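It should be emphasised that the depicted structure is a prediction, and the values quoted were computed from it without experimental measurement. Here is how names work: the chains are called A, B, and so on, in the same order as the sequence lines, proteins then strands, and each is numbered from 1.
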Amino acid sequence: MAPSVTSSSRTAPDPGATVHPPPARRHRSPVSRVLGSRLLWAAPAVVFLVAFFVYPLWLLVDTSLREVSLGTAASSGNPFVGLDNYAELAGDRDFLAAVPRTILFLIGTVSVQLVVGILLAMALSSRLRGLTLPRFVVYFVWLLPPVVSGAIWKFALDGSEQGAVNAALVALGLVDQPVLFLTTPWLAMVLIGLVNAWAGVPFVAIIMTAALKDVPEEHYEAARVDGASPLQRFRHITLPTVMPTIGILSALLVIYSFKAFDFIFVLTQGGPGTSTSTVPFLAYLVSFTQFDFGQGSAVGMVAVLFSLLFAMPYIVSTWKERRS
Amino acid sequence: MSAPAPTAAPARRLSPRRSAARRPRDTDRLGDTGAWRRIAAVFLGLVVVAYGLPLFWMVATSFKPQQELATGSWLPESPTGAAYVRFFQTDFLPALSNSVQLSVLTTLLTVLLAVPAAYGLSHTRNPLITPALVLLLVVQMIPTTATIMPLFRLLSQIGLVGTIPGVALAQCTLFVPLAVLILRPAFMGLPPALEEAARIDGAGRPRYLLSIALPLLRNSLIVTTAIVLISSWGELVYPLTFLLDQDKYPLSVYIAQSVGRFNNTWNLLMSVAVMAALPVLLVVLAAQRKLQSGVTLGAVK
């Protein structure tokens, strides 16, 4: 731990010390000197994260290289099988189907969140009256536990006339039979993406509303004087200013949507079969419903690598910004 | 957890929220013509319906009597609080108590770890800062499903599997980075001269932190606490997999498990959902303004 600036400057001759009695901190013990180092205050959190996050990640790597089943999960001496678990993945139909499904899901749900969220932020930044209610709704849904929004949509999309959506469709005569929203695999996957977007749009709207406030008002004034149309103003003034925010936001949305667990669990449990599982959800299913922990850890490792890949631009930009 | 989570890069923007009133009257960022305003108004109306309707279904269904569930009408014909009464008599109180214990413990641990960390990582030129910040970012990005199994092993090694403190520790891995990344910019906003002055007056770091910095930063602290409290209130993955005993289930797990279990009792399930949403309602009603400054301060630059 590097000594802090303050503690070393204290040991230098201090002309004031001849007049005033030296402060007690001058003769600090080595212990209190270490305690005085500023970075040390972050040590408990770092130690905690290493113990409860980095070490489990290492366990994940280790487990993914072993043959582990329900009976042997607690012991550490499971047979080492090298990359067998990964090799099996390459021929596993559930896994091979989950990868493109995850990518399509991410593209779909993230674009809906971005487009609707940005439009909503623009509407909320307008000078319309009566924005209190929409603003309140945005904050409420942003903080609403995903398991609650999931339960609402599970009810609304129920495949019988009890479900609110089917009740409406039947009452309006649009369908004869209730639609099996959550048990038709492709439809269920689309709906999971939409429900994920429903819950994610408020976050985009909140961040983008703040970003829109940073667009200098004078620029709009100047453009208006020059006779620029609203669309031109959006394209040439608003968009360039908020583009960095949109970039970071997109990265975050990909990462969050990739992590989505609650909606899948509540709406379909990843089924029928594994037909609505993303890669991270498949890691859960393989470990906790098939109890193949070695294989599950291999899927988990693939999920970790994917998330690091998605996070890379974000991490690199943070790193560069710190270095400069 | 997908909903909240402002992940944060070191935020540069510390300026207080600019008030909307400073904008010239009758101008509009979208455009100042009537047509654009009408489009914006219609769009907002659609958004309110898209969010209001499901919330309305939740509340309306929770007041339906059992025999009305099959009819599929949106409004209860003879509203009743029976679902709530039944729930209070059976499962509600233990689940509520578990939720409170779990979220309060998680929040306490998170704040205790994150406040000193945010302070320690601010205003210092130590080269270790960048790796520490990157660690915080990475932790937030790894899917929770990948670490369930190894965390389960770790918790069973230290005898905490199946206990609420064990789940709280696991949840802290999600919220400590979040809290540090919201609080660190707040600490960066304090002038270094303030600490210098405190030091000259003989206040050590703990004293400065407790009696000078934290009172000044109380808004950020309140926002962080509120966000962590609400997020841990709704957190599902870890309690679902680490609590082996039904008596320990918090509301979130109770809801998730019930969705599959009671097939025809949506009124019961929706009453639980309403109860789980109530604290969120209270927090938003109490602190909507503050939440906005908190999330934008901590989130994307």
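Of the two parts of B/T61, only the side chain, counted from C-beta on, holds a non-hydrogen atom closer than 4.5 Å to a non-hydrogen atom of chain A. Interface residue A/R135: backbone and side-chain heavy atoms are both found under 4.5 Å from chain B. Interface residue A/S297: only side-chain heavy atoms are found under 4.5 Å from chain B. Contact annotation for A/L267: neither backbone nor side-chain heavy atoms come within less than 4.5 Å of a heavy atom of chain B. Of the two parts of A/W58, neither the backbone nor the side chain holds a non-hydrogen atom closer than 4.5 Å to a non-hydrogen atom of chain B. At a 4.5 Å heavy-atom cutoff, B/P279 makes no contact with chain A through either its backbone or its side chain. In this structure, chain B has heavy atoms under 4.5 Å from both the backbone and the side chain of A/F52. Heavy atoms of A/A51 lying under 4.5 Å from chain B belong exclusively to its backbone. With a 4.5 angstrom heavy-atom cutoff, B/L135 touches chain A only via side-chain atoms. The contact between A/Y55 and chain B is made entirely by side chain atoms (from C-beta outward), counting heavy-atom distances below 4.5 Å. Of the atoms belonging to B/L46, not a single heavy atom falls under 4.5 Å from chain A. Using a 4.5 Å cut-off between heavy atoms, B/L240 contacts chain A through its side chain alone, with no backbone atom that close. In this structure, chain A has a heavy atom under 4.5 Å from the side chain of B/V48, while its backbone stays farther away. In this structure, chain A has no heavy atom under 4.5 Å from any part of B/L112. Of the atoms belonging to A/V116, heavy atoms from both backbone and side chain fall under 4.5 Å from chain B. At a 4.5 Å heavy-atom cutoff, the contact between A/L308 and chain B is made by side-chain atoms alone. For A/I255, the part lying under 4.5 angstrom from a heavy atom of chain B is the side chain only. Proximity to chain A is limited to the side chain of B/L44, based on heavy atoms less than 4.5 angstrom apart. Residue A/L49 touches chain B through its side chain alone, counting heavy-atom pairs closer than 4.5 Å.
Contact annotation: the side chain of A/V148 never approaches that of B/L251 to less than 4.5 Å [non-hydrogen atoms, C-beta and beyond]. Contact check for A/Y314 versus B/M141: side-chain heavy atoms found under the 4.5 Å cut-off. Annotation: side chain of B/Y254 is not in contact with side chain of A/V147 (no heavy-atom distance under 4.5 Å). Side-chain atoms of A/F265 and B/V259, non-hydrogen and from C-beta on, never get closer than 4.5 Å to each other. By the 4.5 Å heavy-atom criterion applied to side chains, B/L285 and A/F136 are counted as neighbours. Side-chain contact check for B/E195 versus A/R38: some heavy-atom pair is nearer than 4.5 Å.
With rounding to the nearest 0.5 angstrom, the CD atom of B/Q157 is 6.5 Å from the CG atom of A/L59. Within the model, atoms CE of B/M58 and CZ of A/F155 stand 11.0 Å from one another, a figure rounded to the nearest 0.5 Å. The CG atom of A/L60 lies 10.0 Å from the CG atom of B/L151; values are rounded to the nearest 0.5 Å. With rounding to the nearest 0.5 angstrom, the CG atom of B/L281 is 15.5 Å from the OH atom of A/Y139. Here the straight-line distance linking atom CD1 of A/I315 with atom CG of B/L137 works out to 6.5 Å at 0.5 Å rounding. The CE atom of B/M149 sits 5.5 Å away from atom OG of A/S287, with the distance rounded to the nearest 0.5 Å.
Contact count versus chain B (heavy atoms, under 4.5 Å) is highest, among A/F234, A/F288, A/F258, A/F310, for A/F288. Of the listed residues B/V138, B/L121, B/L169, B/V283, the one with more heavy-atom pairs under 4.5 angstrom with chain A than any other is B/L169. With chain B as partner, the option from A/V46, A/L120, A/V304, A/V266 having the largest number of non-hydrogen pairs under 4.5 angstrom is A/L120. Ranked by non-hydrogen atom pairs under 4.5 Å with chain A, the options B/V115, B/V134, B/T147 are led by B/V134. Between chain A and the residues B/A118, B/G52, B/S122, B/A276, the most heavy-atom pairs under 4.5 angstrom are made by B/S122. Chain A forms the most heavy-atom pairs under 4.5 Å with one residue out of B/V274, B/I148, B/V253, B/V176, and that residue is B/I148.
Annotation for B/A146 and A/G300: closest pair CB-O, 3.7 Å, computed over non-hydrogen atoms. Among all heavy-atom pairs drawn from A/W153 and B/P54, the shortest one is CZ2-CG, 3.4 Å. Closest approach of A/F140 and B/V284 over heavy atoms only: CA-CG2, 4.0 Å. When all heavy atoms are compared, the tightest approach of B/P150 to A/P56 is CB-O, 3.1 Å. Taking both residues in full, the closest heavy atoms of B/I230 and A/L143 are given as CG2-O, 3.4 Å, listed atom of the first, atom of the second, then distance. Shortest non-hydrogen contact noted between B/G120 and A/W41 is CA-CB, 3.9 Å.
Looking only at distances, a side-chain donor or acceptor of A/K259 sits under 3.5 Å from a matching main-chain atom of B/Q140. Put simply, the side chain of B/T145 gets close to the backbone of A/P280: a donor and an acceptor are under 3.5 Å apart. Remark: side-chain polar atoms of B/W57 are not paired, donor with acceptor, to backbone N or O of A/G163 under 3.5 angstrom.
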A/F293/B/R153 under side chain to side chain contact (heavy atoms under 4.5 Å, CB included): CA gap, chis, key distance, verdict:
CA-CA 11 Å; A/F293 293 116; B/R153 257 174 80 183; over 6 Å; no
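Annotation: ring-ring contact (aromatic ring centres under 6.0 Å, His included) contacts of A/F53 (sequence neighbours excluded): none. Residues passing the side chain to side chain contact (heavy atoms under 4.5 Å, CB included) test with A/V137, sequence neighbours excluded: A/L133, A/V141, B/Y51.
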